[in-house]
Amino acid sequence: QVQLVESGGGLVQAGGSLRLSCAASGIIFRVLDMGWYRQAPGKQRELVARITAGGSTNHADSVKGRFTISRDNAKSTVYLQMNSLKPEDTAVYYCNAGCCAWGQGTQVTVSS
């Protein structure tokens, strides 16, 4: 049974930082591409960043230079380091594995 459990969300002031974690189980983590997505109220879910099994990354233009995705295969965990947070980063952040597995989401709220 695939399980993705996100943690690390919360309330932070603009300019602050958070690190999200997503612990995976029930999958062969090291062979899967992993990603972070977010969904703000009234908006569609959007890609934030992805990392391939080989470690290549891509980040949405809106977060380039501020967010960094990384992975630790030994811990079956993917991270999202978020710096210089802005109010428009406020959303529920979801972890994704492969094509189709999703976590329950973690709320990130950035106050101005």
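One is the number of the first residue; the rest follow in order along the sequence. Just so it is clear, the values below take in all heavy atoms, side chains as well, and ignore hydrogens, waters and symmetry mates. These numbers were taken from a predicted model, which means no experiment stands behind them.
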To the nearest 0.5 angstrom, please state how far the CG atom of Asn58 sits from the CZ atom of Arg50.
-> 8.0 Å

Working to the nearest 0.5 Å, report the span between CH2 of Trp36 and CG of Leu47.
-> 12.5 Å

Report the distance from atom CD of Glu6 to atom CG of Leu80, rounding to the nearest 0.5 Å.
-> 11.0 Å

Heavy-atom closest pair (Gly103 atom, Tyr94 atom, distance to 0.1 Å) is O-CD2, 3.7 Å

What distance separates Ser70 OG from Arg19 CZ, expressed to the nearest 0.5 Å?
-> 7.0 Å

Any sub-3.5 Å donor-acceptor pair from Gln104's side-chain atoms to Val5's backbone N or O?
-> no

Side chains of Arg38 and Ser62 in contact at under 4.5 Å (non-hydrogen atoms) = yes

Taking only residues two or more places apart in sequence, or in another chain, which ones meet Thr109 in a side-chain contact (heavy atoms from CB on, under 4.5 Å)?
-> Leu11, Thr90, Gln107

Of all heavy-atom pairs between Met34 and Val78, which one has the smallest distance, and what is that distance?
-> CE-CG1, 4.0 Å

Check the pair Ser17, Asn83 against side chain to side chain donor-acceptor pair (under 3.5 Å), reporting the backbone distance first and the verdict last.
-> CA-CA 4 Å; Ser17 298; Asn83 299 327; 2.9 Å; yes

Decide, yes or no, whether a salt bridge links Asp89 with Lys86 under the criterion of side-chain N to carboxylate O below 4.0 Å.
-> no

Ala40 to Ala91 - nearest heavy-atom pair and separation | N-CB, 3.8 Å

Spacing of Gln44 atom CD and Gln39 atom CD [to the nearest 0.5 Å] = 8.0 Å

At their closest point, which heavy atom of Ala23 faces which heavy atom of Thr77, and how far apart are they?
-> CA-OG1, 4.0 Å

Exam field: side chain Arg30 to backbone Asn73, donor-acceptor pair closer than 3.5 Å | no

Are Ile51 and Tyr79 connected in a single hydrophobic cluster, I mean Ile/Leu/Val/Met/Phe/Trp/Tyr linked by side-chain heavy atoms less than 4.5 Å apart?
-> no

So do Trp102 and Cys95 actually touch side chain to side chain, heavy atoms under 4.5 Å?
-> no

Taking every heavy atom of Gly105 against every heavy atom of Val92, the minimum-distance pair comes out as CA-CG1, 3.8 Å

Name all residues meeting the ring-ring contact (aromatic ring centres under 6.0 Å, His included) criterion together with Phe29; count only those two or more places apart in sequence or in a different chain, and write none if there are none.
-> none

Quick one: pull up CG in Leu4 and CD1 in Ile27 and give me the separation to the nearest 0.5 Å.
-> 5.5 Å

Without swapping roles, check the side chain of His59 against the backbone of Ile69 for a donor-acceptor pair under 3.5 Å.
-> yes

Considering non-hydrogen atoms only, spot the tightest contact between Asp33 and Ala53 and give its length.
-> OD1-N, 2.9 Å

side-chain contact (heavy atoms from CB on, under 4.5 Å) filter on Val108, not counting sequence neighbours, yields Leu18, Leu20, Met82, Tyr93, Val110

